[in-house]
2 protein chains.
Amino acid sequence: MSEDRTGEVATVRSARRPTVKDVAAAADVSWKTVSNVVNGTAPVRASTRERVQRAIDQLGYRPNAAGRNLRRGRSRLLALAIPEIRLAYFADLAHAVILAAKARGYTVLIDETFADPAHERVVAQGFQVDLLDGLIFSPQALSDRDLVAAGGRLPMVMLGEATLPLDGGEAAADHVVIDNVASAREATEHLIEAGRSRIGFLGVRETETNGTGVLRHTGYAMALQEHGLPAVAFPAPTYSRPGGAAAIGAVIERFTGPDALDALVCANDLLAIGAMHILRGAGLRVPQDVAVIGWDGTEDGNYSNPTLTTVAPDLGALAELAVDLALGRVDGSTASPQVHLVGHRLIVRESTGGALGG
Amino acid sequence: MSEDRTGEVATVRSARRPTVKDVAAAADVSWKTVSNVVNGTAPVRASTRERVQRAIDQLGYRPNAAGRNLRRGRSRLLALAIPEIRLAYFADLAHAVILAAKARGYTVLIDETFADPAHERVVAQGFQVDLLDGLIFSPQALSDRDLVAAGGRLPMVMLGEATLPLDGGEAAADHVVIDNVASAREATEHLIEAGRSRIGFLGVRETETNGTGVLRHTGYAMALQEHGLPAVAFPAPTYSRPGGAAAIGAVIERFTGPDALDALVCANDLLAIGAMHILRGAGLRVPQDVAVIGWDGTEDGNYSNPTLTTVAPDLGALAELAVDLALGRVDGSTASPQVHLVGHRLIVRESTGGALGG
DNA sequence: CGTGCGACTTCTAACGTTGAATACAGTGAT
DNA sequence: ATCACTGTATTCAACGTTAGAAGTCGCACG
């Protein structure tokens, strides 16, 4: 009850940050008792606990993370490495990962790799300084073998399969992905059922041999082949709106004339939106002249004009699984690395003939 | 030259993480020399440095952040607290902050507050655990006086003026903002020059008395008053696409009939896109029937249909200034808190009669 | 030949925290 | 009164790093 005269629970600010010892002195107990109060490590008499708590509030004490981490050997920090946060899909992903991590008492640190191989290598090694408990990685430039080879002791979970071995070989690290081939088949079947027959694909990249784009293209090609329809693929420089615009701008003549394409499967929503932008500029109507479909289920597509049909991954499940796998390895699990599939669903909207939607 | 037999620069992985002492043993030098090599603290002979470096690479040694931070009293971590990363503006902002921080040797940790007052208070106190060197905060629920009062010893920089005192009083913390009143006047003038006379505003919020939305509304109202035109404001539940859609959906009759509004100033791009979505659903054409303008300069607006006129803040400058201010206070500057303005520009696109654009 | 310098080592201490082991009451049973 | 016991509270040591001081060694230079 030795409140100071200014009354209330006044926060006292001093130059130096208070340590557990300052609190101990203020509460007239040993610093270990303060630690026990903070961490619930050992039983503390109610009256003592209150006294300590009051001192903590008064001094504005908060445990120092460096000291704690050093002692505990854990930082409760997880990094999420993605190509670029401005891409809506990765923002959605980051959001889901942040939530999943927070639910488990972890904090997320975001690293943008810009698909730079050198940077990805540094990330795989754990950021030059040993700070993290785990890493969730959405690589773009390097394969998972490269990364695991470069990699350090850090528990690492991969997202997307820029890195997935096509040959069915064992994964070098845990992966969490949607079934890209299957979803691409569904998406393409959807267009065929809607009566389209000259269906293009946008989003292969020269530099990739087994990435997401390649797998989606594979599913697309399988569906077309089953129906005896012709396939045609267009490369995209980047998986972005400008990338989609540039790619389609370069081949716009394929959408006019007698053999004009009447549908376009795009490797993601951004490419689709960039493509639609150019199609519109060329006087083509979506979906009347060209049906368009994308991936990722970003909110954009629900408000675009026309609204965009898309394959939406179950990001919540993906993030939770990724975080659990990473933290599992933090706690010493040594289960052999696996590829884990999470769900997806096709959301039909205007761009393939669906309704406006909400 | 005591390479092991497997040759090359093989990465050796052991159970325990190597420490500076392990490296020292491997390189046959004192641990102090290793430290000197890592930090460049003292001159080391080139040959020795190489030997140490080889040991570092071989063992995969990376300095332990906890130990280092504890000793140095710095973590080189900065937090960016924003309402939600999925909102494109905040993703753009995060990107800019991450870049600016990285250029200064800092890493960014992102916290989503969801505009929750309790959470914002915890953030202002520095996250329960003393981990950060500084905080860049885009508050939504609380005023800056609340936050500074709740706040701890952490250098804090505010973005946006959910918190800016209207009375011209001294700021309680550093702020970095664009001139919202002026930019709103420009935006509104732009519509007036384009011949619009019944101009609505979307994006006031009941709970705010001096936030961004309020300031933009102020500039809007000033411009209309100067031209003797009537003003009408619509509240928005959230600054999001669904928020904009819901808000305009509720007042859609104001856009039809004899007194129909012919322009809409929206407090941000997301509201504008949500609004355009509903207008389209109601059979109204943008810009022919209603001109629409937003804020933030997000990429969406450059690919929407129609493309969206917007006020784009200079995010690069904003982020750099914010980071510099935060780090300045880390290094002990005690300049009195100020409001710093950064530039903005009006980008005219289709939604107010401009061209399609790139 | 000593002096001075560069390169390195050794030693000490400290950052703030917490697990383990230990001390100390007070209580109740014997 | 003695002993064991339980509930509290304390002391000790260690996590990995780096700053500083002081000392060692060899070599070049005056």
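To find a chain, count down the sequence lines: A is the first, B the second, and so on, and within it residues start at 1.
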d(A:His175 NE2, A:Met156 CE) to nearest 0.5 Å is 8.5 Å
Whole-Å distance, A:Asp22 CG to C:dT17 C1', equals 14 Å
Do A:Val129 and B:Arg76 make a side-chain contact, defined as non-hydrogen atoms from C-beta onward lying under 4.5 Å apart? no
Rounding to 0.5 Å, atoms CD1 (A:Ile98) and CG (A:Leu109) come to a distance of 10.0 Å
By nearest-heavy-atom nucleotide on DNA chain C, the more 5' of B:Asn36 and A:Arg68 is B:Asn36
Determine the contact category for B:Thr19: base if any of its heavy atoms lies under 4.0 Å from a base atom, sugar-phosphate if only primed atoms, P, OP1 or OP2 are that close, otherwise nothing. sugar-phosphate
From CZ of A:Arg45 across to C1' of C:dT27 the rounded distance in Å is 14 Å
The complete set of side chain to side chain donor-acceptor pair (under 3.5 Å) pairs with one or both residues in residues 98-110 of chain A, sequence neighbours excluded, reads A:Arg104-A:Asp324, A:Tyr106-A:Asp133
Here the distance between atom C1' of C:dA14 and atom CH2 of A:Trp31, to the nearest Å, is 15 Å
When rounded to whole Å, the CZ to P distance for the pair A:Arg74 and C:dT18 reads 15 Å
Scanning both residues in full, the closest heavy-atom pair of A:Ala101 with A:Val108 reads CB-CG2, 3.5 Å
The reported gap from CZ in A:Arg153 to CZ in B:Arg62 (rounded to nearest 0.5 angstrom) is 7.0 Å
Rounded to the nearest 0.5 angstrom, the OG1-CH2 distance for B:Thr19 and B:Trp31 is 11.0 Å
Note: chain B reaches DNA chain D at heavy-atom distances under 4.0 Å over the stretch, first to last nt, 5' to 3', of D:dG16 to D:dG20
B:Arg71 CZ to C:dC15 C1', in whole Å, measures 6 Å
Result for 5'-nearest mapping on DNA chain C, choosing between B:Thr48 and B:Arg72, is B:Thr48
Scan nucleotides 20-24 of chain C against the protein and return all N/O pairs shorter than 3.5 Å with their distances rounded to 0.1 Å.
none

Query raised in the report: If we only count heavy atoms from C-beta on, is the B:Leu80 to B:Leu78 side-chain gap below 4.5 Å?
Result: no
Rounded to whole Å, the OH-P distance (A:Tyr61 to C:dG16) equals 10 Å
Exercise for review: Using only side-chain N and O atoms of A:Asn39, determine if any of them is under 4.0 Å from OP1 or OP2 of C:dT18.
Suggested key: yes
Across the strands shown, which category fits A:Thr33 at heavy-atom distances under 4.0 angstrom: base, sugar-phosphate, nothing?
-> base
When B:Thr41 and B:Leu70 are each assigned the nearest nucleotide of DNA chain D, the 5'-most assignment goes to B:Leu70
Rounded to whole Å, CG of B:Asn64 lies from C1' of C:dT17 at a distance of 13 Å
Q) Any chance CG of B:Asn39 has more than 12 other-residue heavy atoms, nucleotides or ligands included, within less than 6.0 Å? A) yes
